Number of protein chains: 2
Amino acid sequence: MRALVYNKELRYLADYPAPKPKHDEALIRITYAGICNTDIEITKGYMGFEGVLGHEFVGVVEKCGDKSIVGKRVVGEINLSCGKCPYCRNQMQTHCSDRSVLGILNKDGAFAEYVTLPVGNIHKIPNSISDEEAVFIEPLAAAYEIIDQVGISSSDRVCVLGDGKLGLLVAQVIANTGSKLTAVGRHREKLTILDEIGINTGLSPDYKEREFDIVIDCTGSASGIRTALQIVKPRGRIVLKSTIANKIQIDMNQFVINEISLIGSRCGPFPPAIKAIRSRQIDLYPLISNVYPIEEGLKAFQNASSKNALKVILRIS
Amino acid sequence: MRALVYNKELRYLADYPAPKPKHDEALIRITYAGICNTDIEITKGYMGFEGVLGHEFVGVVEKCGDKSIVGKRVVGEINLSCGKCPYCRNQMQTHCSDRSVLGILNKDGAFAEYVTLPVGNIHKIPNSISDEEAVFIEPLAAAYEIIDQVGISSSDRVCVLGDGKLGLLVAQVIANTGSKLTAVGRHREKLTILDEIGINTGLSPDYKEREFDIVIDCTGSASGIRTALQIVKPRGRIVLKSTIANKIQIDMNQFVINEISLIGSRCGPFPPAIKAIRSRQIDLYPLISNVYPIEEGLKAFQNASSKNALKVILRIS
């Protein structure tokens with residue numbers, strides 16, 4: 001099958017072996033898949049992953065023991081858990097100690113014609129959600145994880161830091177909580193997308209004071225946490241969404257002196273993400289920069305890595 | 001007056017000018033004062049402080065508008081706040097944006113014959129608490145801050161990391177919560193102090209698995225946070241008590257991947273610390289390494305910086 005494979009370098013292969021579903025798995029034909037910053041970081045060494053990249057996708061189930069989903073348009077949760085360990089038994093499947101993660105850890109991903117996933121990971125999507133929109137369900141679920149982790153009240157002054165594709169999703173999710181939100185970034189043209197739906201925005205250099213109760217770092221860069229530490233109030237909270245291939249230099253004293261909390265945040269729940277798209281609470285089309293056929297995957301990655309890009313989507317079948 | 005003064009280097013001076021109390025302040029004659037790791041870090045550049053060091057003390061009020069405390073043995077909270085800013089009005093005086101901090105920020109400290117403090121910062125101590133014990137009230141209050149910040153339940157597996165003077169205090173405070181505590185350090189002879197009062201202890205190299213719900217870093221070194229990230233469970237919490245002069249290199253991805261929370265923790269409430277000492281819940285004498293007269297302050301600092309030292313106390317008047 002056609003696939004984008006990372007193995008010391010990123011390559012497009014026309015003849016990568018197709019995966020075979022296990023007895024509890026579905027075989028999914030991928031239609032569209034989105035390039036995430038994590039994919040780009042993997043090509044810089046993050047996670048030491050080798051194999052087919054990609055974990056944001058929409059597809060159609062071609063084979064499955066559960067006939068109710070065969071032929072259906074689906075998306076899939078990306079953590080494959082054992083179901084037996086203490087984390088799995090405690091509703092923490094995303095932290096299963098024996099997990100594999102689609103396109104990130106010990107499991108070929110979705111930048112390919114076919115992927116396999118356990119039936120339990122699969123969510124059918126309603127017809128009112130387009131394929132291009134469905135590609136955003138996985139990262140949007142990661143945005144909803146913040147709501148589950150951090151109680152956000154309407155009196156909280158919240159800053160979403162970073163105006164990349166994740167920041168623009170997170171800002172829209174936070175805006176729906178009714179808190180006092182400011183989305184802060186470095187690119188006026190990206191922030192305009194939020195301005196147009198009524199979200200308060202600002203440029204990073206204008207924020208130097210400790211004025212936010214909660215700062216959500218979606219910058220995907222080492223500077224994000226440093227800026228967050230400058231603008232969060234004493235006893236405030238920083239939510240860290242960025243994963244970065246390299247270690248960073250940081251003054252940990254700021255956490256102690258100002259008694260700041262840092263909350264790491266990864267994958268999240270799919271149902272609220274699907275519901276939010278279906279009920280038109282989240283505006284996704286302005287976030288799509290380009291759509292490339294998978295054969296032009298390398299070019300798509302180059303585009304996705306460029307400063308002005310937002311979501312770059314691969315059309316696969 | 002006699003004083004230990006840091007100004008690019010640490011010096012003992014016999015003729016440092018005595019402070020004059022403002023109208024709402026007491027003049028306190030210091031009897032004993034304890035050397036904290038923060039003092040040692042200041043002599044390495046932390047906080048950029050210059051002046052009289054010292055913030056853990058016990059003394060006798062010599063002059064004060066409030067006659068009810070004149071002649072009384074007292075300890076004092078170290079943050080001098082404005083009383084007017086939003087933090088002060090919101091019971092967050094330790095985070096007053098206009099604060100000075102005894103021996104740490106814009107305010108001469110307690111390694112001197114006299115110190116001044118606002119009356120509101122002063123706590124009388126009962127006769128059943130000795131001067132040497134009273135020196136521990138400030139760092140013990142900092143240990144109680146953890147309890148206020150982090151709900152610790154009896155089912156939580158808690159690790160106190162670091163067997164220095166702060167770690168041994170924190171371990172005793174946490175032990176009283178009834179949680180499943182292990183105090184982990186590098187010095188068998190220091191951990192023995194905890195063994196003898198029935199606290200479970202272990203040596204750092206024996207801990208490599210993610211087994212703790214809460215890890216409290218009291219190591220005072222950059223390695224502490226790295227070890228904490230290795231042994232805390234996914235979705236677990238790390239409490240950071242250590243302040244270190246230098247920036248550190250850290251893999252922030254661990255926070256994201258394992259959704260770990262980090263909570264910075266600084267000064268705490270004095271009343272529970274005073275109560276705990278009075279009711280003999282905390283064993284302090286084994287934590288005293290040495291007592292030096294202030295004239296031998298440089299020697300006392302050398303001793304306090306040595307690997308095997310615990311609390312080094314200065315006898316001042």
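Given the structure is predicted, the values throughout are model-derived calculations rather than measurements.
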Measure the spacing between [atom1] of [X] and [atom2] of [Y] and express it to the nearest 0.5 Å.
X         : Y         : atom1 : atom2 : answer
Ser97(B)  : Lys233(A) : OG    : NZ    : 11.0 Å
Arg226(B) : Lys247(A) : CZ    : NZ    : 6.5 Å
Gln249(A) : Ile248(B) : CD    : CD1   : 9.0 Å
Phe255(B) : Ile238(A) : CZ    : CD1   : 11.0 Å

### Message
So if I take each residue of residues 75-92 of chain B and look for any heavy atom under 4.5 Å from a heavy atom in chain A, which residues do I end up with?
### Response
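Result: Tyr87(B), Gln91(B), Met92(B).
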### Query
Within residues 257-264 of chain B, which positions have a heavy-atom distance to chain A below 4.5 Å?
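From residues 257-264 of chain B, the residues near chain A are Ile257(B), Asn258(B), Glu259(B), Ile260(B), Ser261(B), Leu262(B), Ile263(B), Gly264(B).
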### Query
Is it true that atom CZ of Arg235(A) has more than 12 heavy atoms of other residues, nucleotides or ligands lying nearer than 6.0 Å?
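Result for CZ/Arg235(A): enclosed.
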#### Entry: Heavy-atom pair of closest approach, residues Leu240(B) and Val256(A)
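Answer, listing the atom of Leu240(B) first, then Val256(A): O-CG2, 3.5 Å.
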### Contacts of residues 137-167 of chain A with chain B (heavy atom under 4.5 Å)
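Counting heavy atoms that sit under 4.5 Å from chain B, the residues of residues 137-167 of chain A involved are Glu145(A), Gln149(A).
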### Task
Anything in residues 207-224 of chain A with a heavy-atom distance to chain B below 4.5 Å? Please list those residues in order.
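Within residues 207-224 of chain A, the residues under 4.5 Å from chain B are Arg210(A).
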### Query
So which of Asp251(A), Thr94(A), Val239(A), Asn253(A) has the biggest tally of heavy-atom pairs under 4.5 Å with chain B?
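So the answer, after comparing Asp251(A), Thr94(A), Val239(A), Asn253(A), is Asn253(A).
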### Under 4.5 Å from any heavy atom of chain B - which part of Ile225(A)
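For Ile225(A), the side chain is the part near chain B, not the backbone.
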